[in-house]
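Read through the structure below, which is laid out as structure tokens, and then see the notes.
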Amino acid sequence: MKPRPPRSATGDRPRPGDESGVVLVMVLFFLATSIALAVSTQRSTVVQLIAAQQRESLARAQIAARSGLAVAERALLDDLQAADAVAGQIDGVRDAWVLLGQVPIALDEETTIEVRVRDGGDRISINALVDGEGKRIGEKSREFLVDALGTIVDNTPELRSSPIANDEKRGDLADAILDWLDSDEETRLGTPEESYYARAASAPLNRRILSIDELADVPDMDPLLLEVLAAYFSPYPFFPTDQNGGGVNPNTAPPHVLSLMYTGSEFGRQLLNEDDVFRMVDIRGEGDWFCPGETGEDCVSLMRELRREGEDVFPGLQYQASIFHVEVQARFREARACIRATIDRSWPEGPATLLRRHGC
């Protein structure tokens with residue numbers, strides 16, 4: 001007697017071909033899984049390939065940026081050895097290191113660099129308000145700073161309603177800034193700084209500053225004023241000399257910084273007026289250089305042009321800068337790399353990098 005075929009759960013006997021349908025479903029499932037896995041693997045491989053190309057492009061851009069920094073250092077050294085006496089002794093807008101920033105430099109079909117260099121003389125060194133021993137330079141430091149703060153307030157509408165617009169408050173702030181810079185531990189009035197600034201966020205630094213931001217804890221320092229100060233002052237050079245007084249370079253400083261030139265003599269000083277500033281800008285526009293002494297074909301005496309012969313400027317002008325700020329932006333394909341550096345070219349061994357930052 002033949003065995004009967006098994007019945008299904010519903011009592012029906014399985015039809016021929018039911019097993020093949022289950023197999024087909026399983027085959028389709030495994031096929032879809034394999035395709036999805038292959039696509040996922042391919043996508044991961046493509047992503048890794050793109051990431052590798054981007055890393056390579058970024059590395060190429062970073063190498064180009066470093067080469068741009070080397071180009072700037074070479075231009076600064078060549079400037080010192082210029083055959084033209086005026087070009088070698090005075091920094092101006094016609095120097096090679098200035099011309100570097102006129103157009104991008106193409107290294108090859110896919111790589112370009114942009115190099116911009118500005119000399120430290122386009123700002124006033126706030127460290128020049130103390131002498132070599134870290135002491136205030138008589139009353140000149142305070143008088144200059146009070147007048148300079150007044151001009152800065154006048155040039156900044158947002159500050160005209162702040163407490164610093166008051167003459168007395170401005171004098172107090174000038175004293176506090178100088179207390180942060182000078183090396184002694186007494187205020188201008190001879191009282192101990194420790195007790196006088198007991199309520200301040202921090203005690204006076206009693207040293208030259210490395211950044212304008214170090215003045216943030218000075219009592220009554222407005223955050224906006226601190227930001228604006230950086231457009232007029234810098235910490236460079238840290239140690240001004242007779243050759244580099246820490247004041248402006250009249251050949252490169254922008255007009256708003258030129259307005260802080262404090263001219264006069266022991267009998268009195270004042271900041272330049274607008275007419276004097278416009279006169280300086282016009283002379284520079286005509287292609288002439290300002291020189292500290294003898295005049296030449298393309299070099300004119302600054303004080304003679306300002307009709308201030310016999311006077312001087314505080315802080316002392318810096319016709320030849322030692323500190324330079326370099327900004328390099330390099331591109332390789334779609335990648336971009338940037339370097340910002342502060343360079344001191346006064347070292348006998350060669351340019352010294354005081355500060356370097358990477359990133360755009």
Side-chain angles (χ1 to χ4, degrees), residues 53-84 87-125 127 209-213 230-231 233-240 243-244 246 248-249 251-254 257 318-360:
Q53 292 175 340
Q54 290 178 337
R55 288 194 296 269
E56 179 186 0
S57 296
L58 180 59
R60 294 282 295 272
Q62 291 172 338
I63 293 173
R66 290 195 291 271
S67 69
L69 185 59
V71 168
E73 292 178 350
R74 183 71 259 174
L76 293 175
L77 285 180
D78 290 344
D79 180 60
L80 287 177
Q81 303 168 359
D84 186 332
Q89 298 175 8
I90 299 176
D91 290 311
V93 294
R94 288 181 288 171
D95 285 335
W97 55 265
V98 178
L99 300 179
L100 277 177
Q102 299 298 317
V103 293
I105 302 172
L107 301 183
D108 54 43
E109 294 181 354
E110 297 181 304
T111 312
T112 60
I113 57 175
E114 297 178 16
V115 183
R116 293 183 175 85
V117 184
R118 62 180 180 86
D119 69 311
D122 69 348
R123 304 286 191 276
I124 297 173
S125 172
N127 289 318
I209 61 172
L210 305 177
S211 167
I212 295 297
D213 290 340
F233 294 95
S234 84
Y236 305 107
F238 295 124
F239 301 96
Q243 291 75 28
N244 184 353
V248 303
N249 181 346
N251 293 296
T252 60
V257 180
Q318 47 177 322
Y319 288 91
Q320 185 181 65
S322 59
I323 304 296
F324 292 83
H325 305 283
V326 181
E327 295 183 7
V328 181
Q329 178 175 273
R331 291 181 180 274
F332 176 76
R333 296 175 182 170
E334 299 301 321
R336 184 174 62 145
C338 301
I339 296 178
R340 293 177 176 84
T342 299
I343 296 174
D344 184 349
R345 71 172 180 183
S346 65
W347 291 71
E349 300 83 1
T353 301
L354 305 180
L355 177 67
R356 179 185 295 187
R357 294 178 180 175
H358 294 263
C360 299

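In this text the structure is predicted, and so the values were computed from the model without any measurement.
- Residues satisfying the side chain to side chain donor-acceptor pair (under 3.5 Å) criterion with Thr111, sequence neighbours excluded, are Asp108.
- When every heavy atom of Ser322 is checked against every heavy atom of Ser346, the shortest pair comes out as CB-CB, 3.9 Å.
- Counting only distance, with no hydrogens or angles, the side chain of Ser57 and the backbone of Ala335 share no donor-acceptor pair below 3.5 Å.
- Here the closest heavy-atom approach between residue Val326 and residue Ala72 is recorded as CG1-CB, 3.8 Å.
- The shortest distance between side-chain heavy atoms of Tyr319 and Asp91 does not fall below 4.5 Å.
- Residues forming a side chain to side chain contact (heavy atoms under 4.5 Å, CB included) with Gln53 (at least two apart in sequence, or on another chain): Leu49.
- The side chain to side chain contact (heavy atoms under 4.5 Å, CB included) check on Ala330 picks up Ala64, Ala65, Ile113, with sequence neighbours excluded.
- Considering all non-hydrogen atoms of both residues, Asp95 and Ile90 come closest at OD2-O, 3.6 Å.
- With sequence neighbours excluded, the residues that form a salt bridge (charged side-chain N to carboxylate O under 4.0 Å, His left out) with Arg333 are Glu110.
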Would you please test Ile212 and Phe233 for side chain to side chain contact (heavy atoms under 4.5 Å, CB included) and show each step?
-> CA-CA 8 Å; Ile212 295 297; Phe233 294 95; 4.0 Å; yes

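- Gly246 and Pro237 get closest at one heavy-atom pair: CA-CD, 4.0 Å.
- Closest heavy-atom contact between Leu107 and Ser67: CD1-OG, 4.0 Å.
- Contacts of Asp344 classified as salt bridge (charged side-chain N to carboxylate O under 4.0 Å, His left out), with partners at least two apart in sequence or in another chain: none.
- Considering only heavy atoms from C-beta on, Phe332 stays 4.5 Å or farther from Leu58 through its side chain.
- Every residue two or more places apart in sequence or in another chain that forms a side chain to side chain donor-acceptor pair (under 3.5 Å) with Arg74 is listed here: Asp78.
- Listed for the Arg345 side chain is a donor-acceptor partner under 3.5 Å among the backbone atoms of Ala321.
- Sorted by first and then second residue, the pairs that involve residues 93-124 and meet ring pair (Phe, Tyr, Trp, His ring centres under 6.0 Å), not counting sequence neighbours, are Trp97-Phe324.
- When the side chain to side chain contact (heavy atoms under 4.5 Å, CB included) test is applied to Thr342, the partners found at least two apart in sequence or on another chain are Tyr236, Ile323, His325, Leu354, Leu355.
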Distance-only criterion, 3.5 Å: show the donor-acceptor pairs between side-chain atoms of residues 117-124 and protein atoms not counting sequence neighbours.
{"unit_1": "Arg118", "atom_1": "NH1", "unit_2": "Asp122", "atom_2": "OD1", "d": "3.1"}
{"unit_1": "Arg118", "atom_1": "NH1", "unit_2": "Asp122", "atom_2": "OD2", "d": "3.0"}
{"unit_1": "Asp119", "atom_1": "OD1", "unit_2": "Thr252", "atom_2": "OG1", "d": "2.8"}
{"unit_1": "Asp119", "atom_1": "OD2", "unit_2": "Gly121", "atom_2": "N", "d": "3.3"}
{"unit_1": "Asp119", "atom_1": "OD2", "unit_2": "Asn249", "atom_2": "ND2", "d": "3.2"}
{"unit_1": "Asp119", "atom_1": "OD2", "unit_2": "Thr252", "atom_2": "OG1", "d": "3.1"}
{"unit_1": "Arg123", "atom_1": "NE", "unit_2": "Ala230", "atom_2": "O", "d": "3.2"}
{"unit_1": "Arg123", "atom_1": "NE", "unit_2": "Ala231", "atom_2": "O", "d": "3.3"}

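- Scanning for salt bridge (charged side-chain N to carboxylate O under 4.0 Å, His left out) contacts around Arg336 gives an empty result, with sequence neighbours left out.
- The CD atom of Glu327 sits 10.5 Å away from the SG atom of Cys360 when rounded to the nearest 0.5 Å.
- The number of heavy atoms from other shown groups lying within 6.0 Å of CD (Glu349) is above 12.
- Taking each heavy atom of Val248 and Ala253 in turn, the nearest pair found is CB-CB, 4.0 Å.
- By the salt bridge (charged side-chain N to carboxylate O under 4.0 Å, His left out) test, Arg116 pairs with Glu114, sequence neighbours left out.
- A search for side chain to side chain contact (heavy atoms under 4.5 Å, CB included) contacts involving Glu73 returns Leu69, Ile343, Pro351, Thr353, not counting sequence neighbours.
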